[in-house]
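Chain A is the first sequence line, chain B the second, and so forth, proteins listed ahead of strands; every chain is numbered from 1.
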Amino acid sequence: MKLRGWVNSKRELGGIVFIEILPENSLGLVTVVVKKKESPQAWEVAKGVKLGSAILVEGTYPPISLSKRGREFKADKLEVISTPRAPLPVDLTLKTGIHFDTRLRYRYLLLRTKEERALFKIRANVLKIAREFLEKKGFLEVNTPKICGAGAEGGATVFELEYFGRTAYLAQSPQLYKQMLMTGLTKVYEITPYFRAEKHHTTRHLNESWAIDLEMGFIKGMEDVMEVLEELVCHIIEGVRKECEEEIEILGVEIDSPRRPFARLKYDKVLEILNEEGIHIEWGEDLGDAEERALGKVMKNEGYNLYFITHYPWKTKPFYIMKEDGLSRSFDLDYKGLEISSGGQREHRYEELIKNIREKGLNPKDFEFYLEAFKYGMPPHGGWAVGVERLLMKMLNIDNIRETILFPRDIQRLIP
RNA sequence: GCCCGCGUGGUGUAGCCCGGUCAGCAUGGCGGCCUGUCGAGCCGCAGAUCCCGGGUUCAAAUCCCGGCGCGGGCGCCA
């Protein structure tokens, strides 16, 4: 048998050497045992092996493993594939502490620990499960441009860049494009990064984040898309529970099955609930982080980790959301007090859409390429986007969103 | 943008309040001993212009000012 991995720790006792590795993509620690008497050549190599080396071990798993940490592996041959040219900047046995910043800086080295590896395996699984689910439901995966000619839809600030002498912007969302596709397809989704140029300093914002974005045509109302969202989120959570048992155990978290159907609270009702909690919000105001957290507590007591907040005042929502009596056909999905998704039914009627754009103080001229698509038989449609990092942080009880993405982009971090 | 906190060998920290030893400890590194370690142990060695700049002082890691870096809160955030 052959094992490949990196040396995380080594203990030398005269004629016997113990080397701990986390083989390749596995989560199971292995203690390689090399004895002088039994394999003198391997012992010679083992003695000189440096922490952090990439090694190839040939040997067997003995019937009895005496090691307390990791399954024992008896080495017959040991080869150093790559020797570090400097001591490791971090302690991969995690005995010595590590600053958050250092951890992010050496993310790639931390992937040699089972904790960090488990996290990113779960992340990969979330996307895999989502893809499988949506494919099965008949959604088509699409890819829309991330370099865009039109500016903001209002709201979040966009990053500007120079594009052959013209100004271009990094996509703040695939929203407009996926809507345009509704004239030719009825069920699409995209797994994509978003770019937002906001200077926030919080544990729940990134300047580059990923989302699962979906849009559906010929809907009767927003409930149609809410159902898909609820199903997807449950599928992901249950899927992770089932497929990532080992990862979950390593991270030491408990992931609860969501109570279904998710609660559906109207904005007005949320204001009432908050009022009872002593938090007073003016009607028409959006919910802030403190309010969302307070609501999360209340809902938790009701047995809901996940719940929809619907019918926000239209003024808090973007122009493409359908208006109804001053309210909007929109919803947010909150997970443990944090918004992980928002969506709604879109305005598909050309004239109404133009009115909406004007009402938001935007110029319809700037949206011609988009509006054009609404001239030729645009069906009623709606959709949503789920923030991958936020879903992960709430599912795994992670405090800082930066932990959930390999190389986070925030106001100070552009490298690595 | 505003506010709070932190910055000491590669890594993680003590010392800072109340200025005055070769800046202590752990881990990692190097060398040595050890055939069951597993936070291995034991002996020895090396490793820090105490984030940067300025100021106060006989004397600054320590006090003051400015800057930079990082964490967080508020704001911002379809």
Take atom [atom1] in [N] and the same atom in [M], then report the distance between them in whole Å.
N      : M      : atom1 : result
B/rU27 : B/rA40 : C1'   : 14 Å
B/rG24 : B/rU49 : P     : 14 Å
B/rC22 : B/rC4  : C1'   : 37 Å
B/rC58 : B/rU11 : C1'   : 38 Å
B/rC18 : B/rC65 : P     : 15 Å
B/rC51 : B/rG15 : P     : 15 Å
B/rG9  : B/rG19 : C1'   : 23 Å
B/rC25 : B/rC63 : C1'   : 26 Å

Where is the tightest heavy-atom contact between [X] and [Y], given as atom of each residue plus distance?
X        : Y        : answer
A/Asp268 : A/Trp283 : OD1-NE1, 2.7 Å
A/Leu88  : A/Gly52  : CD1-CA, 3.7 Å
A/Glu72  : A/Ile64  : OE2-O, 4.4 Å
A/Glu347 : A/Met322 : OE1-CG, 3.6 Å

Is [X] touching bases, backbone alone, or none of the nucleic acid, heavy atoms closer than 4.0 Å?
X        : answer
A/Leu51  : sugar-phosphate
A/Arg402 : sugar-phosphate
A/Tyr312 : nothing
A/Thr316 : sugar-phosphate

#### Entry: Nearest-nucleotide 5' precedence on RNA chain B, A/Asp101 against A/Ser342
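Result of the comparison: A/Asp101.
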
## Note on the structure
Walking RNA chain B from its 5' end, the first of A/Lys317 and A/Asn400 to be reached, judged by nearest nucleotide, is A/Asn400

### Task
Classify the angle between the aromatic ring planes of A/His200 and A/His205 as parallel (below 30°), tilted (30 to 60°) or perpendicular (above 60°).
parallel

### Message
Below 30° counts as parallel, above 60° as perpendicular, anything between as tilted: where do the rings of A/Tyr108 and A/Phe407 land?
### Response
tilted

Tell me: [atom1] of [X] to [atom2] of [N], nearest whole Å?
X        : N      : atom1 : atom2 : answer
A/Ile98  : B/rG12 : CD1   : C1'   : 9 Å
A/Arg85  : B/rG10 : CZ    : P     : 17 Å
A/Leu92  : B/rG29 : CG    : C1'   : 15 Å
A/Asp289 : B/rG72 : CG    : P     : 13 Å
A/Leu94  : B/rU27 : CG    : C1'   : 12 Å
A/Leu88  : B/rG12 : CG    : C1'   : 15 Å
A/Glu291 : B/rC76 : CD    : P     : 11 Å
A/His201 : B/rC2  : NE2   : P     : 11 Å

Assigned partner base of [N], Watson-Crick or wobble definition, under 3.5 Å:
N      : value
B/rU21 : none
B/rG47 : none
B/rG41 : B/rC33
B/rG10 : B/rU27
B/rG1  : B/rC74
B/rC16 : none

### Distance-only donor-acceptor test, A/His200 side-chain atoms vs B/rC77 base atoms, 3.5 Å
no

### Task
Check each of A/Arg4, A/Arg112, A/Arg117 against A/Glu24 using the salt bridge (charged side-chain N to carboxylate O under 4.0 Å, His left out) test, and report the only one that passes.
A/Arg4

### Message
For a ring-ring contact (aromatic ring centres under 6.0 Å, His included) check, start with the C-alpha distance between A/Phe374 and A/Tyr350, then their side-chain angles and the critical distance, and finish with the verdict.
### Response
CA-CA 6 Å; A/Phe374 287 74; A/Tyr350 185 78; 7.7 Å; no

## Note on the structure
Each nucleotide of nucleotides 35-49 of chain B classed B (base within 4.0 Å of a protein heavy atom), S (only sugar-phosphate) or -, in 5' to 3' order, makes BBBBBB---------

### Shortest side-chain distance from A/Pro87, nucleotide among B/rG29, B/rC76, B/rG10
B/rG29

### Query
So does A/Lys178 pair up with A/Glu215, basic N to acidic O under 4.0 Å?
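Yes, charged N to carboxylate O under 4.0 Å.
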
### Message
So, OP1 or OP2 of B/rG10: does either fall under 4.0 Å of a side-chain N or O from A/Thr102?
### Response
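For A/Thr102, the contact criterion (side-chain N or O under 4.0 Å from OP1 or OP2 of B/rG10) is not met.
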
### Query
Would you say a side-chain N or O of A/His99 is under 4.0 Å from OP1 or OP2 of B/rG12?
yes

### Message
Could you check whether A/Tyr189 and A/Phe139 have their ring centres less than 6.0 Å apart?
### Response
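Ring centroids of A/Phe139 and A/Tyr189 are no less than 6.0 Å from each other.
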
